[in-house]
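Notes to accompany the following structure.
Residue numbers start from 1 in every chain, and the chains themselves are labelled A, B, ... in the order their sequence lines are given, proteins ahead of strands. Remember, predicted model here, so these are calculated numbers, not experimental data.
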2 protein chains.
Amino acid sequence: MARRTDITAADTALNIRREAVRLFAQYGYAAVSMRKIASAVGVMPGALYHHFPTKQDLLMCLLSEHMERLHIAWDTHKADCSFETLDASAQLSSFIAFHIRYHIALPEDVFISMMELRALDAGHFAKIEQSRHAYEQIVKDILMRSPEQPQMKIDDVHVTAMAILSMLTGITGWFNQKGRLSEDDIVACYCRLGARMTGQEPAHTQNRQFDTHLTPSLSIRS
Amino acid sequence: MARRTDITAADTALNIRREAVRLFAQYGYAAVSMRKIASAVGVMPGALYHHFPTKQDLLMCLLSEHMERLHIAWDTHKADCSFETLDASAQLSSFIAFHIRYHIALPEDVFISMMELRALDAGHFAKIEQSRHAYEQIVKDILMRSPEQPQMKIDDVHVTAMAILSMLTGITGWFNQKGRLSEDDIVACYCRLGARMTGQEPAHTQNRQFDTHLTPSLSIRS
DNA sequence: GTCTATAAGCGGATAGAC
DNA sequence: GTCTATCCGCTTATAGAC
C-alpha cells in the first residue's frame with residue numbers, strides 16, 4: 001500500500017494521546033510501556049519519540065492539557081450562566097452541575113489526573129498542583145460568599161469545600177451511563193446534597209430551579 | 001557478625017509488608033520493583049520469595065489483610081458503642097467517626113487499597129471488591145433505616161451513601177496531623193455534614209452529643 | 001532463612017535507512 | 001514521519017550453596 005497521505009502527523013499525535021489516556025487510566029502509567037502504546041496506536045515504538053521526547057513528557061502533556069481544558073470549560077460555563085450575577089447558593093449549584101457533567105464526559109482524563117500525579121517529576125508536579133488548587137479555590141470562593149446568604153450556614157469553608165469536591169469527584173468511581181440514574185438525576189441529587197451541606201434547609205432547596213446544564217462548548221474535545 | 005537469632009522469619013515477613021505498603025503507597029505497585037522492597041527491608045531480592053511466591057501475592061496479602069482488619073475493627077467498634085441500640089442518626093455519626101479515625105491512622109493501607117485494585121488479577125480483584133461492597137453496605141443499611149427517623153430525609157440511599165463514603169475517604173488526601181484542625185475537629189465537622197446530607201436540620205444537630213471516639217483496639221496493628 | 005548467581009525477557013530510549 | 005535494528009539496564013523469578 002502506498003503511504004497514506006490522509007493521515008497527518010497531527011492525527012498520529014492525537015491517536016497517541018488518546019490511546020495513552022485509555023491505557024494509563026486502565027492500567028496506570030508505570031504499568032503501561034511505550035511498546036503497548038505504540039501497538040495500540042498501530043505504529044512501531046520508535047515512532048512515538050518523534051511526537052513526545054520521553055514517556056514522562058507524554059504524561060505531562062495529557063495532564064496539563066486536561067487541566068487547561070477544564071479551566072477553559074469553566075470560564076465558558078461562567079460566562080454562559082452569568083455566574084457573577086448569581087447568589088452564592090445558585091453559584092454552588094451551578095458549579096456542581098458543571099463539575100459533574102464535565103467529569104462524567106471525560107472520566108479517563110479525570111482519573112489519570114488524580115491517580116498519576118505521583119508519577120510526575122517535581123517540576124511537572126508543581127505546575128499541575130497549582131492548577132488543581134486554582135480549581136479548588138473556585139469552590140472556596142463560592143463558600144466564602146455564604147455570609148451574604150442568610151439561608152447558608154457553613155462551619156468550616158476549607159473542610160466543606162474539600163468534602164464537596166471529594167463527593168463530586170467520587171462519582172466517576174461508580175456512575176454508569178446505562179444505570180438506574182441519568183446524568184440529570186445525579187446532578188439534581190448532588191445539588192441537593194451540596195445545598196444541605198452548606199446549611200440550607202431542605203424546605204428551601206426542594207423547589208428551587210437551577211440552570212444546571214452545560215453549554216454546548218463542553219462537548220468539544222481536542 | 002554472627003547470625004542474628006533475635007530476628008525471626010515472622011519479623012522479616014512483617015518488615016517486607018511494612019516496606020511494601022510504604023513504597024506502593026508512595027510510588028505505586030507497578031513502579032516499585034522487588035529489588036527496591038528488598039533494599040528497603042535490608043535483604044537480597046531472592047529472600048523475598050521465601051515469604052511471598054510472587055509480587056502479585058504480596059500485593060494481595062496487603063490488600064486482603066487491610067480489608068480484614070477494617071471489618072474486625074468495625075465489628076469491635078459496633079460492640080463497644082452498642083451500635084444496634086442507636087437510632088439511625090446516631091449510627092451514622094458513629095460510623096463517620098469510626099471511618100475517619102481508622103483511615104487517618106492507616107493512610108497508606110487505605111491509599112493502596114483504593115489505588116491498586118486495578119493491579120490485581122481477576123480472581124484477587126473479585127475477593128477485595130466483595131469486601132469493599134460489604135463495607136459500603138454498612139452505610140446503606142444505616143440510611144435505609146432513616147424512615148424510622150422523622151428528622152431524616154434522604155432522596156436516594158445509594159447516591160447519598162456513595163457521596164458520604166467519597167467525602168470521608170477524600171480526607172486522607174489533604175488531612176495533615178499538624179495542620180489547623182485536629183482529628184476531633186475533623187470528626188465533628190464531618191458528623192455535622194453527614195447529618196445535613198441526610199436531611200437533618202442544623203438546629204437539630206448543633207447540640208447533639210455523639211460518642212465519636214474509637215475503641216482502644218483500633219490502635220493495635222499487626 | 002538468607003545468600004550468590006543467573007536465567008530469560010521487557011523497559012526506555014536512540015541511530016540511521018527510507 | 002515511520003521504519004528496522006539495537007543498546008543496555010532493569011525486571012520477575014529460580015537454583016542451589018551455606
Side-chain angles (χ1 to χ4, degrees), chain A residues 1-21 23-24 26-63 112 116 118-124, chain B residues 1-21 23-24 26-63 112 116 118-124:
Chain A
M1 183 166 29
R3 177 175 171 185
R4 296 182 59 174
T5 52
D6 57 329
I7 296 182
T8 69
D11 286 333
T12 302
L14 187 57
N15 285 336
I16 292 169
R17 284 200 289 267
R18 182 168 48 233
E19 294 302 322
V21 164
L23 290 167
F24 289 167
Q26 185 166 2
Y27 302 107
Y29 171 78
V32 175
S33 66
M34 294 295 266
R35 282 173 166 79
K36 283 181 191 138
I37 297 169
S39 171
V41 173
V43 296
M44 289 292 112
L48 300 181
Y49 291 89
H50 178 76
H51 303 276
F52 301 95
T54 68
K55 188 185 176 190
Q56 170 78 201
D57 288 320
L58 171 55
L59 175 63
M60 181 57 185
C61 175
L62 300 179
L63 298 194
I112 66 170
E116 302 301 350
R118 62 179 168 189
L120 293 173
D121 52 37
H124 289 151
Chain B
M1 184 166 23
R3 179 177 170 184
R4 296 182 60 175
T5 53
D6 58 327
I7 296 181
T8 69
D11 285 333
T12 302
L14 187 58
N15 284 337
I16 292 170
R17 283 200 290 266
R18 182 169 49 232
E19 294 303 322
V21 164
L23 290 167
F24 289 167
Q26 185 166 4
Y27 302 106
Y29 171 78
V32 175
S33 66
M34 293 297 262
R35 278 175 161 76
K36 283 180 191 140
I37 297 169
S39 171
V41 173
V43 296
M44 288 293 110
L48 300 181
Y49 291 89
H50 178 76
H51 303 276
F52 301 94
T54 69
K55 189 185 175 189
Q56 169 78 199
D57 288 321
L58 171 56
L59 175 64
M60 181 56 185
C61 175
L62 299 179
L63 297 194
I112 65 170
E116 303 302 348
R118 62 181 167 188
L120 292 172
D121 52 36
H124 289 151

TODO: For the side chain of B:A47, starting at C-beta, report the closest nucleotide among D:dA13, D:dT12, C:dC3.
DONE: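 Of the candidates, C:dC3 comes closest.
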
Task: Nucleotide nearest A:K36 when distance is taken to its side chain, options C:dA13, C:dG11, C:dT2 - done: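 Minimum distance to the A:K36 side chain belongs to C:dG11.
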
Separation of [X] atom [atom1] from [N] atom [atom2], in whole Å?
X     : N      : atom1 : atom2 : value
A:I16 : D:dG1  : CD1   : P     : 11 Å
B:M44 : D:dT12 : CE    : C1'   : 16 Å
B:F52 : C:dG1  : CZ    : P     : 13 Å
B:L58 : D:dT11 : CG    : P     : 15 Å
B:D57 : D:dT14 : CG    : P     : 11 Å

- [ ] Pick base, sugar-phosphate or nothing for B:V32, based on heavy-atom distances below 4.0 Å to the nucleic acid.
- [x]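 Sugar-phosphate: the residue B:V32, judged by heavy atoms under 4.0 Å, touches backbone atoms but no base.
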
Open item on the list: Applying a 4.0 Å non-hydrogen cut-off, can you work out what A:M34 is touching in the nucleic acid: base, sugar-phosphate, or nothing?
Closed with: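 Contact class for A:M34: sugar-phosphate only.
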
With a cut-off of less than 4.0 Å, is there a side-chain N or O of [X] near OP1 or OP2 of [N]?
X     : N      : answer
A:H50 : D:dT2  : no
A:S33 : C:dC10 : no
A:H51 : D:dT2  : yes
A:T12 : D:dT2  : yes

Task: Reported CG-to-CD1 distance for the pair B:L62 and B:I112, which is rounded to 0.5 angstrom - done: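 It is 5.0 Å, given to the nearest 0.5 Å.
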
Open item on the list: Distance alone, cut at 3.5 Å: any donor-acceptor contact between the side chains of B:T54 and B:D57?
Closed with: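 A pair is found: one side chain offers a donor N or O, the other an acceptor, under 3.5 Å apart.
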
Quick one, [X] and [Y] - any side-chain contact, counting heavy atoms below 4.5 Å?
X     : Y     : result
A:F24 : A:E19 : no
A:Q56 : A:Y29 : yes
B:M34 : B:P45 : no
A:I37 : A:L58 : yes

Open item on the list: If the helix axis at each end comes from five base pairs, how far does the helix from C:dG1-D:dC18 to C:dC18-D:dG1 deviate from straight, to 10°?
Closed with: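 Axis-to-axis angle, ends of the helix: 10°.
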
Task: Shortest non-hydrogen contact from A:H51 toward A:I16 - done: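 Of all heavy-atom pairs spanning A:H51 and A:I16, the closest is CD2-CD1, 3.6 Å.
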
Open item on the list: Nearest heavy atom decides the nucleotide; on that basis, is B:Q56 or A:P45 closer to the 5' end of DNA chain D?
Closed with: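 Final value for this comparison: A:P45.
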
